[in-house]
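Here's the structure, in structure tokens; my notes come after.
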Amino acid sequence: MLRATLRSLAAHRGRLLLSALAVLLSVAFVVGSVIFSDTVRHTFDRLFAASAADVTVLPRDAPEGRDQTLSGAQPTLPAALAAPAAEVEGVADARPEVRVQNVTVVGDDGRRIGSSTGAPTIATGWYPEPRRVVELAEGRPARGDREALLDRDSAERHDVSVGDRLRIVAEPATTEVEVVGLAAFTTTNPGATLVFVDPDVAARLLLGDAERATSIAVTAAEGVPHPVLRDRVAAALGEGYTYRTAEQQSESAAEELGTVLGVIRWVMLGFAGVAVLVGVFLIINTFAMLVAQRTRELGLLRALGAERRQVRRSVLVEALLLGVVGASLGLLAGVGLAHALVRLMGLLGMYLDPADIRIEPVVPVAAYAVGVGVTLVAAALPARRAGRVPPVAALADTEVSAVGRPLRLRAALGAVVAVAGAGALVLLARAESAGRAGMWLAVGVALTLLAAVLAGPALVRPVVRVLGLGMPRAFGPVAVLARRNALRNPRRTGATASALMVGLALVTGLSIGGASITASFDREVDRTLGADFVVQNESFRPFTSEVARRVGAVEGVGVVVRERFVPLRLALPDGSTHRTIGAAVDPELDEVARVEYAAGDTAGAVGADRLALDRRFAARHGLEVGSTLEAGFVGGRTAELRVGALVESGSPAPGGDVGAFLGLPTLERHQVAGQDAVLLVNAADGTGPPVLRERLERALADLPQVQVRDHADYKQLVRDQVAVLLYLVYALLGLAVVIAVLGVVNTLALSVIERTRELGMLRAVGMSRRQLRRMVRLESVVICLFGAVLGLALGAVWGLALHRLLALEGLTVLAVPWWTVAAVAVGSLVVGLTAAVLPALRVSRMNVLDAIAHE
């Protein structure tokens, strides 16, 4: 049996090649994502370990990561703390350091020097230390307050050289400096822009106070453990600060990086999941057709004494070998994909060394687990059918498809699962929270997809008959034969179309969601944004107070309302703590925005020591107007705040996920200074918006970190962000379509072999080569249109369910991207014609006599 299996595999290697490609793609994305994320994590671990001091003293509850990026707040501590820290037993050295991210570097051409991918711009002192992650590559260190160094990668990216002039726009002031040197990274370049100044003037230039610092770096004497030194320094300096060892500092930085890596990993695994799903359909279909075509062969083996389990085992051995080959090739392709990702990240500003690519032992294990596991699972059902072939089948001329009870059973199962999926979507429609609705959406999508796969074969006959109604009139008898061929084996047609259905359902559902988000935001901008202009950073980072000063001084400006992002820690009455990103605004909010309140008003929301909350959030936690709760701010300060207003759920209040916003005077009393994130500007009476816009742009021309946007520009900004999500969806569709094309090609190729004698008879009775090719192409188009109909229907259901989830977040407008739907339909025709090229060519080259004599 083993020899027979290997010979059969060798005889059918061409038929199995396309299935192996599906396995290869599945494994490649899994392997590539694991290798890439492991490589990035390893290289950044080295970066963090190389840059962290043995013990670091930080301000209490200093913001990190996203909180610091959004708020622009920079807590400080006294630089004089370095002196008592240096006297602690076991300390070799202690010094104050200044390192800030709330700066902008501008070149002498007026353009911003920085990453376009969201990586920060960091200004710090040039400290002479062995743990620095950069080294002087050109020029000399900065001296005084008019010189600086720039990292070499940023200099090359923006064509900056030694001797050029830069402006460092910091919160205290803007400083013009000369570039006197370039610094090269000794480890991974994370994509950030680094500018170094003289450490003796760093505090004054970047913090506005020569007596302050952002941290105290403590170096341990030889042989002193870091935890021991941390405890000693903490005992000497007191409880008003945060103390971290090098290991803790690295872990904190790695945790923040892990969030970004998690997004990349899940995106990659999403591609792998789509590849696995559609690959399963392809493999099942391929093995089912091979078993059907080898009915006589399998029957003969049974007649010669082979047992059922031996026949099943022979099919599974073929699948095992296919999985091993596909996984092996996928492993190599995954390594190549990881290399490509590393180079792509270099183009985006994160310079990883290809020599640092890490292949952990888990990588080949994952590759073969996915490749072999998926193939064996997909081949299990065809193998079971193979074992049921009776010995008498060796006497039969053809394989007769069983389309009776098993097909009815699948239809019944599909109906049951569809009812369960519909029930989940009904529960979604009744959900009152986005979290619960998201759970029911995931359940509903999974069940309706399973239902479509199960019931697909039962839908082939009615749907294909309708799709083929006009074909005979357009293409004659050839079209009738093509439609009958598609109807001949509904199970095969359904499985082939399912691969295409998955991709089209994804793109349709998420396109409806994306269009609804855009349309809802457009409506909300028109309904709630009363400002003539929005001044904002393109990457939503905060900017210095100089921007507000300049805008306020522009002739023709009426009202300017500042908005700042506020990391808040809310201690709720039920004992829980909720972290959120709120907002702080000027009291004149009503003049530039229209917020819909369920209780209270803007005066109550922005009054002294008051805040506004979302109505539903407040109800869940037993809060109402007049309730008090403790709020924790950046820098460790806390305050008792009274709920002054409740925002109507879905209203686009400035307070993020729980509608938490307060007045800027309240924020400034309880938090270290932050930076503005948005300026809402109205023109004064008598000044037209076009005139004011020209004046604003002129006033901010040398501050490229901010842009002036009107309503149309603001809407386009959101459209561009939604488009990024849709591009990802289209990439998933492209991957699904590639595998779907492989499936249609495989099905048609095996179908041509199965019908060799029949096709020879058609040629013998007068059908031309051209008509044969057309028949195969039409059959392919019918299969793809069937998959498109199922995909569009399923995607429409998913899109409506997704819209219900979005409505809970205030995005209530339903929009259907009809151009996308039309493109999907036309694309299905193109896919069908493309997939039929090779099978149609093979049919046209068939020898008539050989075909008639084919066994």
Side-chain angles (χ1 to χ4, degrees), residues 68-74 100-106 110 112 121 123 167-175 205-209 529-567 581-593 602 606 633-634 654-655 661-684 687 689 691-711 713-714 717:
Q68 183 176 18
T69 299
L70 289 176
S71 68
Q74 185 60 70
V100 299
Q101 293 187 27
N102 53 356
V103 298
T104 301
V105 179
V106 182
R112 184 174 64 89
T121 298
R167 282 184 297 117
I168 301 176
V169 183
E171 184 57 48
T174 297
T175 305
L205 292 182
L206 305 176
L207 301 177
D209 188 344
L529 183 62
D532 293 326
F533 298 103
V534 177
V535 179
Q536 194 174 32
N537 191 314
E538 62 181 1
S539 59
F540 302 102
R541 290 179 178 273
F543 42 80
T544 64
S545 55
E546 182 178 354
V547 176
R549 288 194 296 269
R550 291 196 189 186
V551 168
V554 170
E555 181 184 358
V557 167
V559 175
V560 178
V561 173
R562 299 168 296 162
E563 180 181 336
R564 294 180 184 174
F565 295 127
V566 184
I581 300 295
V585 295
D586 281 319
E588 298 83 7
L589 178 64
D590 284 343
E591 298 188 38
V592 294
T602 299
V606 301
F633 294 88
V634 169
F661 71 94
L662 60 156
L664 267 173
T666 298
L667 176 68
E668 291 169 345
R669 276 196 302 273
H670 301 298
Q671 178 179 292
V672 296
Q675 292 183 320
D676 301 328
V678 181
L679 298 180
L680 301 173
V681 184
N682 270 349
T687 301
V691 174
L692 180 59
R693 178 168 190 162
E694 182 180 351
R695 293 173 181 173
L696 288 172
E697 290 178 343
R698 190 184 310 123
L700 301 175
D702 60 341
L703 297 176
Q705 70 269 36
V706 293
Q707 291 80 38
V708 179
R709 299 187 177 96
D710 59 15
H711 284 209
D713 298 329
Y714 198 57
L717 179 66

Let me know which of T121, L703, V547 forms a side-chain contact (heavy atoms from CB on, under 4.5 Å) with V169. L703
Taking all non-hydrogen atoms of both residues into account, name the closest pair between T687 and G556 and its distance. OG1-CA, 3.4 Å
So among V708, V706, L700, which one has a side-chain contact (heavy atoms from CB on, under 4.5 Å) with V551? L700
Please enumerate all residues that pass salt bridge (charged side-chain N to carboxylate O under 4.0 Å, His left out) together with D209, with sequence neighbours excluded. none
Would you kindly say whether T544 and Q675 are connected by a side-chain donor-acceptor distance under 3.5 Å? no
Would you compute the distance between atom OG1 of T175 and atom CG of L205 and round it to the nearest 0.5 angstrom? 4.5 Å
Return yes if some donor-acceptor pair links the side-chain N/O of H711 with the main-chain N/O of G530 below 3.5 Å, else return no. no
Heavy atoms only: give me the nearest F533-P689 pair and the separation to one decimal. CZ-O, 3.1 Å
Under 3.5 Å, is there a donor-acceptor pair between the side chain of N682 and the main chain of E591? yes
The criterion is salt bridge (charged side-chain N to carboxylate O under 4.0 Å, His left out); which residues satisfy it with R550, sequence neighbours excluded? E546, D702
Compare every heavy atom of Y714 with every heavy atom of V534, then report the nearest pair and how far apart it is. CG1-CE1, 4.1 Å
Determine the minimum heavy-atom distance between A548 and D676, stating which atoms define it. CB-OD2, 3.7 Å
To the nearest 0.5 Å, what is the distance between CD (E171) and CG (L206)? 11.5 Å
Distance check, rounded to the nearest 0.5 Å: L680 atom CG versus D586 atom CG? 9.5 Å
For A583 and V566, which heavy atoms make the closest approach, and how far apart are they? C-CG2, 3.8 Å
Can you tell me how far CZ of F543 sits from CD of Q705, rounded to the nearest 0.5 angstrom? 8.5 Å
Shortest non-hydrogen contact from E668 to R564? OE2-NH1, 3.8 Å
D532 (side chain) donor-acceptor with V681 (main chain) under 3.5 angstrom: no
So, does R112 use its side chain to make a donor-acceptor pair with the main chain of T104 at under 3.5 Å? no
